[in-house]
There are 2 protein chains.
Amino acid sequence: MNERDAERSVSQTVRAQLALRDMILSGRLRPGERISELQAVDITGVSRTPVRLALVRLEDEGLLQAIPSGGFMVKAFTERDILDSIELRGTLEGLAARFAAERGVSARSLEPLKECLADLDQLVRQDPISVEAFSAYVTMNARFHALLNELSASAPLIREIDRVSALPFASPSAFVMAQSALPEAHQILLIGQDHHRIVVDAIENREGARAEAVMREHSRLAARNLRLAIRNRTHLELMPALALLKSSAE
Amino acid sequence: MNERDAERSVSQTVRAQLALRDMILSGRLRPGERISELQAVDITGVSRTPVRLALVRLEDEGLLQAIPSGGFMVKAFTERDILDSIELRGTLEGLAARFAAERGVSARSLEPLKECLADLDQLVRQDPISVEAFSAYVTMNARFHALLNELSASAPLIREIDRVSALPFASPSAFVMAQSALPEAHQILLIGQDHHRIVVDAIENREGARAEAVMREHSRLAARNLRLAIRNRTHLELMPALALLKSSAE
DNA sequence: GTCGCATATTCTGTATACATCCTGCACTCA
DNA sequence: TGAGTGCAGGATGTATACAGAATATGCGAC
């Protein structure tokens, strides 16, 4: 199947959603800017019906905000909003870890997580860490978090975590690439990996409070990276999510 | 403005959403049942375009589930899902209380909360408590929780709390009316009110951990009520949300 | 020069027609 | 008898036309 067929195979609604999301995250649509449906039609090349569906979905996703009189505008976030979203994710992931620990998980279901842990170990063991390794870390890290959340065996909780993590600046890997430009890069990765190890251990030993606490702290690494990167004003291009920052805070 | 005009003034989309939500919560549409757009058109009396929007919104709300091949079905929940949703709400409200406590709130912004607390005090002081008082408690309790969440001053957090509380069985007042049929009714209300008092005190004294812990525990009252009501199988009609329970768990 | 109002344009909300895809049933062949 | 296939019916995805509302613009009056 070539690319053209692949594009054909997804619905117009999804295609519009992807195109608009890309425009927003790349900063071509600025925070606070109104998006008219006709404009969205021009951008995406599909008709108003799927465009409207895509706009509603993006509102739900948190990237757009409904205007009372009708229509949508690109949502603007403060630095505080971003930090709160990260804390929020940490809290939810902490709850997931606690559920997993308190309710107990079978040795069998813990296996994929341990394999993932080992893969991450190999990646962070490199010194210095290549950009490719950073990129691989992002993928594997996302997998680790997903597996961990699933261990909670709680559909409502997983749903909310996915929702919060969908905000581009709140996902577990949002600022990992930004780290790669920092001198402390390797150390931060090692600390994060230690958190991973601890949470698995805590779940295995059914230490709910410990599992919860370490996941909360883990999310604060992202907050720390964000602050460092903003202070240094360097390599902002590694964090496309910051296109959503209110201009006053930039 | 009479009722007919009021109905006219809201959009067809909202009207369809309300009508369908009512059908779902009243149990006339059963969990697992597919809702076709044409069927929804018949129910609501509006055309397919707004019906489709309403279906998408109900999906985000969590009442419907998208079918991979297209269309929607009424979501079914297990008792565990409901308990987890309550714990989830408690965790988020706990985070809100902690934010309020740690960041500090002005005496002025704490006033409405204290007034609300006093109003609730008056209601629970009655013995025995009338059904009208229970109903007033539900309203005032919702107001208390809303005010409390606002004190977090965190838009992303408030957004998530509202979202989770939109599930009919996860809201702070979901099972208060069910309490009214229990012999322990009064005692449970008094305990809940004590939680309210403690959280306000903790916020005032900037005791973040205490504020968080008490809000978590507070949500467990709802879980306790739910379990009691289900065990007693009595007055299930006071909890319309249970129409969403998987039939196997009924 | 500025404020207010009227008009014109543009946008959203809604309805409906059409095409494509899925689903279920019956029939046929092994 | 069971499994697979083809067809019919219906459902969803999409495009577009139309009506009403909101907004912007320009003109006139103070």
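Every chain is numbered from 1 and lettered A, B, ... according to where its sequence line falls, protein lines coming before strand lines.
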Let me check something: any side-chain donor-acceptor pairs from residues 93-100 of chain B under 3.5 Å, sequence neighbours excluded? List them with distances.
unit_1: B:Glu93; atom_1: OE1; unit_2: B:Arg89; atom_2: NH1; d: 3.1
unit_1: B:Glu93; atom_1: OE1; unit_2: B:His145; atom_2: ND1; d: 3.4
unit_1: B:Glu93; atom_1: OE2; unit_2: B:His145; atom_2: ND1; d: 3.0
unit_1: B:Arg98; atom_1: NE; unit_2: B:Glu212; atom_2: OE1; d: 2.9
unit_1: B:Arg98; atom_1: NH1; unit_2: B:Glu102; atom_2: OE1; d: 3.2
unit_1: B:Arg98; atom_1: NH1; unit_2: B:Glu102; atom_2: OE2; d: 3.2
unit_1: B:Arg98; atom_1: NH2; unit_2: A:Glu87; atom_2: OE2; d: 2.7

Angle between terminal axes - the helix from C:dG1-D:dC30 to C:dA30-D:dT1, 5 pairs each end, rounded to 10°: 20°
Derivation of the salt bridge (charged side-chain N to carboxylate O under 4.0 Å, His left out) call for B:Asp22 and B:Arg28: CA-CA 9 Å; B:Asp22 186 56; B:Arg28 272 170 292 175; 3.0 Å; yes
Spacing between B:Leu38 atom CG and C:dC21 atom P, to the nearest angstrom: 20 Å
Sugar-phosphate only, base, or nothing, as touched by A:Ile35 at under 4.0 Å among non-hydrogen atoms: sugar-phosphate
B:Arg163/B:Glu61 salt bridge by N-O under 4.0 Å criterion: no
Heavy-atom closest pair, residues A:Ser152 and A:Arg103: O-NH1, 3.8 Å
Interatomic distance, B:Met73 CE vs D:dT12 P [rounded to whole Å]: 14 Å
Parallel, tilted or perpendicular, as decided by the 30° and 60° cut-offs, for the rings of A:Tyr137 and A:His196: parallel
Atom-pair distance (CD on B:Gln12; C1' on C:dT14), nearest Å: 7 Å
Residue whose nearest DNA chain C nucleotide is more 5′ - A:Phe72 or B:Ser69: A:Phe72
Gap between atoms CD and P, on B:Glu33 and D:dA11 respectively (whole Å): 13 Å
Between P of C:dC11 and CZ of A:Arg34, the distance in whole Å: 9 Å
Whole-Å gap separating P (D:dA22) and CD (A:Glu37): 15 Å
Any residue of residues 44-57 of chain B with a heavy atom less than 4.0 Å from an atom of DNA chain D: B:Arg48, B:Arg52
Main-chain N/O of B:Val14 paired with B:Ser11 side-chain donor or acceptor, under 3.5 Å: yes
